[in-house]
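Data block below; observations after.
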Amino acid sequence: MVARWAIRVLRGILLRGQGRRNMRRCYAMTPAGGRGIALLLLALCAVWGVGPARAEPLAGGAGSYVLGMSADFSGQSRGLGVELYRGSVAYFTQLNRNGGINGRPVVLVTLDDGYQPEPAIRNTIDLMRRGDVLCLYGYVGTPTVTRILPLLGGGAGTAKPLFFPFTGAQPQREPPHSRNVFNLRASYRQEVAGLVDRFVSLGRKRIAILYQADAYGRSGWDGVRRALAAHGLAMAGEATYRRGAGFDASMDEQVRILARSRPDAVIAVGTYAPSAAFIRDARDAGLDVPIANLSFVGSENMLDLLALLGRERGRDYTGDLVNSQVVPCYEDMSLPAVREYRRAMDAVNPGPPEGAGPCPAPSRYSFAGFEGYLNAVVMAQVLRVLDENPALGLVGAAESVREMDLGIDVPVSFGPDRRQGLDRVYFTTVEQGAFVPVGEARWEAWRQ
Amino acid sequence: MRSLSIFKKTGILAVVLFGVVALLTSALAAYMLHDRMVAEYVSKGTAIAQSIAGASQDILLNRDAATVQAMIDQYLEIEGVAYVFVRDADRIVVSHTFVPEMPARLATLAEPEDGVRVVGMTVESLGRVIDVGAPVLAGVAGYVHVGMSKELIMRYFWATVIRMQALLFVALLVCVGVLFVVTRRISRPLQQLTEYADRLASRDFTADIELTSRDEVGHLGRTMRAMARELARLFTDMESEVNKATGELREHMVYLSAIIDNLADGLLVVSPTGAVSVVNPAMREFFGLGDKDYSGFSAADVFPVEVSDLARAIRSCEGVIQSAEIPLAEGRIGMAVGSSIMVAAPVARCLGGVVLVRDVTREKALDQLKTDFISTVSHELRTPMTSILGFARLIGKKLDSAVLPALGDNPEARRVAVQVADNVDIIVTEARRLTDLINDVLDIAKMEAGKIVWHDRAVFMGDVMHQAADATRGLWSAKGIEVVIEMEDDLPPVRGDHSRLVQVLVNLISNAVKFAPRGPVTCRAHLDRADVLVSVADHGPGIPASAMDEIFDKFKQVGDTLTEKPSGTGLGLPICRQIVERHGGRIWVESEVGEGSVFFFTIPALVARAGTGDIDDACRAMLPEPDSAMLMRLPEERNLPPLILVVDDDPILGAYFTELFEGNGFRVMVAADGEQAVVMARDHMPSLITMDLMMPGMDGRTAIRCLRHNPFTRHIPVLVLSALSDTATPGCDLSLTKPVDDRRLVEVVRALLLRKDVRHSCLVLGDLDDVTVEGLTVFCPDDTTFCPPQRIWSHVERGFRGLVLIPAELAEGIDVDLLARVPGVTVIIMPARTGRGKTI
């Protein structure tokens, strides 16, 4: 391990001159790692600037299934990207160890886009032009994904579908792009509609929204608007923040704007750092209504920040929070998938992809990681179908997945007209410093 | 530094101009940039808006806000885009890029009805923006708004201004530096040149200048150096020339000064203001002035009144040469001639006057000797001549009355007797001729000596001619020659001595009758300009031209006196000339041999003067100057009683006064008018004048002024006797109103005469001890001065007039006679203690 970290540092120095946006990173998913292989990979990375990440040494053969992943490993949402990656890698590693897909390993190639559209587009073009990449997989972020959608049709080479992007935005769920995209998670509309329905049913009708000033934020905003419209309501207030804001950014202005509308509840459509900053400033300003966050926020990272702050200031910032999720809580051990996920994570304990920016110590488990794991499970099933019946093609293989049991009580189905595998939304809140499902008693406590 | 040099001024001006130009240039550039950028931003915003509008139609219709947001986010990255927002057809904002919220100003922005609309506005938190609104699908799908930041333009604007200013400032600094260096190189030699020129200006020709440059400045410096050398040379030359000229001038001055100092005549120069400027030693000596410097003193303070009057008359350059006889120190008599100093060039101006005084004491003495000699000789000749003539006539008569009848018929005796009678006749004729000769000689001698008394008054030439014709009737009627008198009407009178003018004409007529073989002799008188011209024409033999000039000389007659019997004294014409010239006229002859001669003479016509015009002129006309003869005084007849001049136009009153005064022991003369009074006073120096005021011709007041004006008569006391109640008459000593009481009049006259004697004061020679003061107070009631004998003259010269008391012991050492002649001075020689006073 010592040697591998040293090599990482060396590579960082060597690649620094190429600029952050164009930096390509590769990662060998070797559990222990051999010095020779690591050196070989280093040489490859240095010469071509890109290297395939391989689950197994034998995966370098022509028969492996290569998935291209561009996600945020260095930006403000890097926690999501890294966790998503780790969850997927945990599954694929176990899969490859057990012989892969009929002997063919699954290889995950990662590129960092820093949650910025332009690098995401460049990364996507690179991946589309690479002949060995079968499809795109596990993209993170609405502003990035919505921008690369036009590329999927084959404009930059062969058409390659995108599987299971980590975003609940609407464009990839609707024509024309929906034919090239398969989503597993529920949409933001579904998430916010669930939140709005709940709050309205609790008598909290004045709902304000804080959202990121981009397509992601707009998706959430749109969802809230539609959900409120369904109840004949309108937004009590709205405020934006600029994408890229950190935890140290002040959200006082946004708090003031929203407090002015005297909301019963606030729905935040953001990433974990600014959301945590907003919660901090809102609580400091005395705005103590329930604050809801979407799944994309990166719940664990947000909780870490707030817990740390709470410890510093001697105040609890984690009260009255609701986080909607698109996967069940990973603490719910009654679900087989949860048990398998935790077992795989414990067994593999994957590290972050190489070149990932500094981030809090990788969570042991996380919602994003669990989602990544579930993504990998469904992906493996699609690849199996493809491997068994290549004539279907990848899209056909995906569309043939019906009533697949993931072990989360909800089956997954795709079809020519169904491009979203799951629809359920889960609500969690913080208790005892950890996320737990929101119980009915808890909901009743927020009624007014 | 003394002041800003021309370079500094130019430099500052250049910097200021540069600054202004720089400011204007950068302002213009920035303004153009601003203008251009605004236009650019508007077109950019329009392009973006239209681009979004074109691309978002489907999406908007699908109500996919996230995709719209993804699209507009891209445009936000374009420079200058401040915001983008999109409204749907319901005009609800479905996407925007504002953080933290959409400004209210934009939320209420109206939508463009058709086409693109550009609106400039100021939005909170964004500043000034240009909003470009464009409808999507003509507003059916929605509207797009793109905000272009005007603040950015302003930032560019100011950045441009600042950069340009900085650049220009640097350029300016460089230029100033270069200019400074260049200017220093130019101005240092100029500074040196200026200092050099300053030293030259202060005439320091030893200054030099170091010249290295070969440019215009160097050339100028070399030229200046050459000029300085030339100047130095010129100065040296000039200095030596001036020294030379000064030396010559000084020498000349010394020469002139020596001449003036050594003049035998006294010289006095007065300035136009009357101040003394030059007095030569002779002058000092004449007036006993000593060695004191009198420059700048008023002439009246230094010299006797006669000299100062003369000086006053000439100093103002009225163009008259004045002369007067004046008393000098030590009893001498001087002849003063004054003339003005006129400078014609470059500008005519008056420098004052110069008075020359000549000591004529000797000439006077000689003159006196001559007069005395002639008087004596004439008297000594006349007396025997009277006897000769008388006895000759007696013999002739006796011959006729006694001898001839007694002879009876003795033819021999009768013949002898007749012969004797003829001889006696010859003696009578020659004796008479000799007597005439003596009279004429005496006359001419008196005239030449100026010792004749002229009785000037208005004379009518007609009277003169008739009187002369009558006087010569014996001559011309005997010879059968007619004398014709022709005279112009209204011929003005002349001023002159009537009998003397008759004498002139008698002489001329006598000559004409004497020489002319036939008649008539024509006398004509007419006015010729300002003169009365008189001519006497005859038909005699004429006078050759060569003799014309000689006939007026003494003892000259035409013809040979040796071969021809002289028919006259030969003094007639010289006497005529003397008389005519004395009257201010001239005499001459025009003749043609064989045809006759015409004698002419002119006398200035007397122009009647109105009232009391110019007194000085009137007086001057009566006392014509210069004529020393007019100022001559008769020797004082000291032992005669005082002479009183009675002036009155009434002859009865005149007779009365004459009788009254003569009855009181005075001598009396009577004048009928002012003119006559003035003339008589001057000629006879009366001791007192009684003056009537209302008189024909010159009245009494004018006469008094004239008397007071004349230095010789001003001391005479005047008693005004007038019927006028207002008798306040300037110049008179006392006045009485007619009718006057006899006794009072005589008392007043005596008092005035006494006061005249002691009028000013008394001067007593010697100490108080030497003088008997008894009775002194009678003469000297108030003012008595004692002085040593040798100082008497200085007192007199300083203007002392009054009584001089001289003890008999001291009288020997003083020229009492001379002292007594000083006008206004009366000398009393006091006897020794036991003697009594004697008036001289």
Side-chain angles (χ1 to χ4, degrees), chain A residues 116-118 121 142-150 167-177 187-189 210-226 229 234-235 237-243 245 249-258 260-261 269 274 278, chain B residues 51-52 54-79 81-108 123-127 136 141-147 149:
Chain A
Q116 298 295 335
E118 292 298 320
I121 291 169
T142 309
T144 47
V145 171
T146 50
R147 294 290 299 280
I148 59 115
L149 289 176
T167 168
Q170 216 58 30
Q172 71 269 24
R173 288 175 169 79
E174 291 175 0
H177 302 301
S187 71
Y188 291 143
R189 280 186 189 171
L210 171 80
Y211 59 101
Q212 186 165 287
D214 64 0
Y216 162 52
R218 187 61 62 191
S219 295
W221 174 87
D222 195 34
V224 171
R225 192 167 66 110
R226 287 169 187 268
M235 277 184 232
E238 58 176 290
T240 59
Y241 72 87
R242 197 166 301 290
R243 184 174 69 213
S250 169
M251 289 288 173
D252 289 333
E253 189 66 15
Q254 284 80 356
V255 170
R256 190 183 58 75
I257 292 167
L258 295 185
R260 199 173 55 198
S261 64
V269 185
F278 175 75
Chain B
S51 159
I52 294 173
S56 63
Q57 297 169 359
D58 286 342
I59 308 169
L60 273 175
L61 289 174
N62 288 340
R63 301 183 176 277
D64 185 355
T67 308
V68 173
Q69 184 74 41
M71 187 192 303
I72 67 176
D73 278 353
Q74 301 171 54
Y75 291 105
L76 194 62
E77 292 163 11
I78 293 171
E79 187 210 34
V81 178
Y83 63 83
V84 183
F85 70 92
V86 179
R87 282 178 169 139
D88 63 10
D90 299 329
R91 312 217 166 165
I92 293 162
V93 176
V94 293
S95 291
H96 68 74
T97 59
F98 299 103
V99 174
E101 63 175 336
M102 187 166 175
R105 172 78 183 79
L106 292 170
T108 58
V123 177
E124 59 207 282
S125 80
L126 291 175
V136 183
Y143 302 91
V144 173
H145 286 267
V146 177
S149 173

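These numbers come from a predicted model, not from an experiment. Atom set for the values below is all heavy atoms of this structure, side chains included, hydrogens, waters and symmetry mates excluded.
Heavy atoms closer than 4.5 Å to chain A are found nowhere in I72(B), neither backbone nor side chain. If you measure heavy-atom distances from D222(A) to chain B, the contacts under 4.5 Å come from the side chain alone. Proximity to chain A (any heavy atom under 4.5 Å) is shown, for V94(B), by both the backbone and the side chain. Proximity to chain B involves both the backbone and the side chain of P171(A), based on heavy atoms less than 4.5 angstrom apart. For a residue to count as touching a neighbouring chain, one of its non-hydrogen atoms must lie under 4.5 Å from one of that chain's; by this rule Y216(A) does not touch chain B. If you measure heavy-atom distances from A239(A) to chain B, the contacts under 4.5 Å come from both the backbone and the side chain.
Atom-to-atom distance recorded for D73(B):CG and T146(A):OG1 is 8.5 Å, nearest 0.5 angstrom. To the nearest 0.5 Å, atoms CD (Q69(B)) and OG1 (T142(A)) are separated by 11.0 Å.
Minimum interatomic distance between V99(B) and T240(A) (heavy atoms only, all atoms of both residues): CA-OG1, 3.0 Å. Listed here is the closest heavy atom pair of A213(A) and F98(B): CB-O, 4.5 Å.
The choice from R147(A), R242(A), Q254(A) that makes the most heavy-atom pairs within less than 4.5 Å of chain B is R147(A). Of all the listed residues (E174(A), R260(A), E238(A)), the one sharing the greatest number of non-hydrogen pairs under 4.5 Å with chain B is R260(A). Ranked by heavy-atom pairs shorter than 4.5 Å toward chain B, the options R226(A), Q170(A), R243(A) are led by R226(A).
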Check the pair T67(B) / R218(A) against side chain to side chain contact (heavy atoms under 4.5 Å, CB included), numbers first and verdict last.
-> CA-CA 8 Å; T67(B) 308; R218(A) 187 61 62 191; over 6 Å; no
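Side-chain contact between I92(B) and R225(A) is present, with heavy atoms from C-beta onward closer than 4.5 Å.
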